[in-house]
2 protein chains.
Amino acid sequence: MARKNFSEKREAIYSLIRNTKTHPSAEWVYQQLKDKYPNISLGTVYRNMAMFVEQGLIVSIGTVNGRERFDADTSLHAHFICDECEAVIDLDYLPYDRELDDSVALNTGHSVKNHSVFFHGKCRKCVEKSFI
Amino acid sequence: MARKNFSEKREAIYSLIRNTKTHPSAEWVYQQLKDKYPNISLGTVYRNMAMFVEQGLIVSIGTVNGRERFDADTSLHAHFICDECEAVIDLDYLPYDRELDDSVALNTGHSVKNHSVFFHGKCRKCVEKSFI
DNA sequence: AACGATAACGATAATGATTATCGTTTACAT
DNA sequence: ATGTAAACGATAATCATTATCGTTATCGTT
């Protein structure tokens, strides 16, 4: 799983993102790593996240309540965003419709790279909680 | 077009948003109004935007490069976002698929309110520019 | 018209996320 | 061991947004 020439911190950040489904923010990553690396800097996390995005290792899936969220699964897939707890959940079972991109390009004259779909609402856990 | 009990500034902000297709940010609205109202405050724009969203008169369509963008067309429709010039363009000809919301709710157990679709790429104008 | 209550405002400070800076440390090749 | 470049930690700076607070405008009532 380790990558070419990654420093210890960089590797730790990357493998943490790879091995979580939480679509983390930089702050979240920082909080997770503070235990194992007590002197890690938040700036280091931001710096490495930006580099991962730059290199296509991860993608930014936009911002939830002002905080940028990342995904190590770079395939095009939809997400569910819980407006209550800010959870971002994969909906990778939904097929990606590339023909839709072509159709929009044809209809509008814009050059379409891709599209993203975000479902909003209350996640299952939050729905259950509200019944207690 | 004027609304119930709107102050002059509030009315100006609201009708500006209504009469543009740019999906403006708070800063953009502020810049537009500075000529006519030289002493208008950016805080006033933010305050009123928040109130319009609160009351359902406009919606936030998320953030583009860190700046929140608004839409006075509160109907559910897709948008094209130009990654070069930050233009946000309506794709209101695309039908909204409410059954998709039901299907996701059924498949995941989340309570789905709605979904939003963002196409990314280069808008027609930017494509043309790059050929000059 | 004057009064008082309330809403809205302008100016500005505060916040929070992100980015930049800069001196130091690490890793690694010579 | 030394030199070089990459990476780091600490911290300052930036940028969008939100909060504060004293002042001003609005409006209904007298």
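As the structure is a prediction and not an experimental result, all values here were calculated from the model. Hydrogens, waters and symmetry mates play no part in the numbers below; they use all other heavy atoms, side chains included.
Counting only Watson-Crick and G-U wobble pairs whose two distances sit under 3.5 Å, DNA chain D takes part in these stems of three or more pairs: C:1-30 with D:1-30.
Rounded to an integer number of Å, the gap from CZ of B:F6 to P of C:dC9 is 10 Å. Here the P atom of nucleotide C:dT18 and the CG atom of A:N65 are 12 Å apart, to the nearest Å. A straight line from OH of B:Y30 to P of D:dA16 spans 13 Å, rounded to a whole angstrom.
Annotation: the span from A:Y37 atom OH to A:I13 atom CD1 amounts to 9.0 Å, rounded to 0.5 Å.
Judged by distance alone, the side chains of B:H23 and B:D71 do bring a donor and an acceptor atom under 3.5 Å apart.
Summarising the geometry of A:A72 relative to A:I58, their closest heavy-atom pair is CA-CG2, 3.9 Å, with the distance given to 0.1 Å. Considering every non-hydrogen atom in both A:F119 and A:A78, the closest pair reads CE1-CB, 4.3 Å.
Between C:dT18 and A:Y46, a contact under 4.0 Å exists linking OP1 or OP2 to a side-chain N or O.
In this pair, A:F80 and B:H110 present their aromatic rings parallel. The plane angle is below 30°, not in the 30 to 60° band. Relative orientation of the B:H115 and B:Y96 rings is parallel, given thresholds of 30° and 60° on the angle between their planes.
Nucleic acid contact for A:E27: none, since no nucleic acid atom lies under 4.0 Å from a heavy atom of the residue.
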Review item, nucleotides 4-9 of chain D N/O atoms under 3.5 Å of protein N/O:
from  : atom 1 : to    : atom 2 : distance (Å)
D:dA7 : OP1    : A:R10 : NH1    : 2.5
D:dA7 : O3'    : A:S7  : OG     : 3.3
D:dC8 : OP1    : A:S7  : OG     : 2.7
D:dC8 : OP2    : A:N48 : ND2    : 3.1
D:dC8 : O3'    : A:K9  : NZ     : 3.3
D:dG9 : OP1    : A:K9  : NZ     : 2.7
D:dG9 : OP1    : A:N39 : O      : 3.0
D:dG9 : OP2    : A:S41 : N      : 3.1
D:dG9 : OP2    : A:T44 : OG1    : 2.4
D:dG9 : N7     : A:R47 : NH2    : 3.1

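Of the possible polar contacts, none joining the B:Y30 side chain to the B:S25 backbone as a donor-acceptor pair under 3.5 Å is found.
Here B:R67 pairs with B:E86 in a salt bridge; the nearest charged N to carboxylate O distance falls below 4.0 Å.
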